[in-house]
Each structure stands twice: as C-alpha cells, then as structure tokens.
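Accompanying notes for the structure given below.
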Amino acid sequence: MSDRQTDRHEVAPMQRPLRWLWLAAAVIVLDLATKYTASALLDYARPVAVLPFFNLTLLHNTGAAFSFLAGHPGWQRWFFAIIAVGASIGLTVWMRRLKRDETLLGVSLALIIGGALGNLYDRLVHGYVVDFLSFHVAGWYYPAFNVADIGITLGAIGLIWESIFAERRRARRHG
C-alpha cells in the first residue's frame, strides 16, 4: 500500500480535544454541590426514604469503591489520592491525542476525570469520600455512592463501548 493510500485511511486529530474538560468541570461542580447539600441536610447514617428502592443516606467512605480498604489506618487516603491525580493526568494526555471521530472517547475520559477529581477533593479536604445515594431491594443494599461515582461508571461504560465498536469503525475505514 502506498503512502498516499495509508494517509487516506487515517483520521485527522480532533480539533480542541481538551474542550471535553468542560464536562469534567461540570461533574466536579455537580458532585461537590450535591455532597455539600447532602452533608448539610442529612444526618449521618440515617436513611431518608425517597422511593421504595432508593434512600438518601449520608455515609463517609475512607476506602475506594464498595469501601475497599476502608478498614485500614489511613494510608489509603494518600494512595487513592495519588491514583486519582495520576489517572487524571494520564487521561488528559490521552484526551489530547484523540482523533476527530472519537467523540464518545472524549466524553468518557472527561466523565472519569471529573469523577476522580470530585472524589479527590473529598479525600484531601475531609479524609473520606461523601456518599449519599443508596439503592436497595428485598433487604439487599447496594453500596452508597455519589455523583462522582456516577461519572466514573458512565465513563468506564463509554470506554468499554468505544473499545468494542472502535475496531468496527477502523475496519470500515480501511475496508
């Protein structure tokens, strides 16, 4: 294949790929505002029923997802803070390299960055992450979470989706 044919199949870089950081900022603002409101209005560990399967329950998580490592003496606070900073930097570098047809990837990276930085703020300022969204069914309670966690989860789903369907997009482009 000649260089001219190879160039025809390559996608141009995304113009202003860091523009997706506005979404990360929106996640951070919404996350911190809802955590502040939950902390101001809810009593710790006292559920407020909203729907038959959903409560608002203020909890403090010193660990990671599902309270992973929460029972340790405090080193995990800094460990998770370093991970959040490193991941945010790495994902921002990745975002800078996006191609024009990688919009979902840009959105996904921004959601993860926003979620990571929202929870990082809590870790650094409070020493724990504020959680308050609690779903349950038939006596089983899903671990409480927050808006930052929603951003991270939606971003991860987007990354998975992108990894599955990006290969098809590349195949169409080269086919």
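Just so it is clear, the model here is predicted, and its values are computed rather than measured.
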Checking side chain to side chain contact (heavy atoms under 4.5 Å, CB included) for the pair Asp149/Leu133: CA distance, chi angles, key distance, verdict? CA-CA 10 Å; Asp149 298 333; Leu133 302 170; over 6 Å; no
Could you measure the distance from the [atom1] atom of [X] to the [atom2] atom of [Y]? Nearest 0.5 Å is fine.
X	Y	atom1	atom2	result
His60	Ser39	NE2	OG	5.0 Å
Trp20	Leu105	CH2	CG	10.5 Å
Tyr36	Leu41	OH	CG	9.0 Å
Leu111	Thr153	CG	OG1	10.0 Å
Ile152	Ile113	CD1	CD1	11.0 Å
Asp43	Thr57	CG	OG1	11.0 Å

Do you know the tightest heavy-atom contact between [X] and [Y]?
X	Y	answer
Ile28	Gly118	CG1-N, 4.1 Å
Val130	His126	CG2-CD2, 4.5 Å
Tyr44	Leu59	CE1-CA, 3.5 Å
Ser108	Gly158	OG-CA, 3.2 Å
Ala110	Met95	N-CE, 3.6 Å
Ala84	Ala116	CB-O, 3.9 Å

Classify the side-chain pair Asn146/Asn119 by whether it contains a donor and acceptor separated by less than 3.5 Å.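 Side-chain D/A pair, Asn146 to Asn119: present.
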Just jot down the side-chain hydrogen bond (donor to acceptor under 3.5 Å, both in side chains) partners of His136, sequence neighbours excluded, or say none. Asn55
Linked, directly or transitively: Leu18 and Val29 (ILVMFWY side chains, under 4.5 Å): no
Taking only residues two or more places apart in sequence or in another chain, which ones pass salt bridge (Lys or Arg N to Asp or Glu O under 4.0 Å) with Arg97? none
Apply the side-chain contact (heavy atoms from CB on, under 4.5 Å) test between Lys35 and each candidate in Val147, Asp122, Asp131; give the one that qualifies. Asp122
Sole candidate of Tyr141, Tyr142, Phe54 that passes ring pair (Phe, Tyr, Trp, His ring centres under 6.0 Å) when paired with Phe135: Phe54
Are there more than 12 heavy atoms of other residues, nucleotides or ligands under 6.0 Å from atom OH of Tyr121? no
Check whether Trp22 reaches the backbone of Arg19 with its side chain - one donor and one acceptor, N or O, closer than 3.5 Å.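 Looks like yes, one N/O pair under 3.5 Å.
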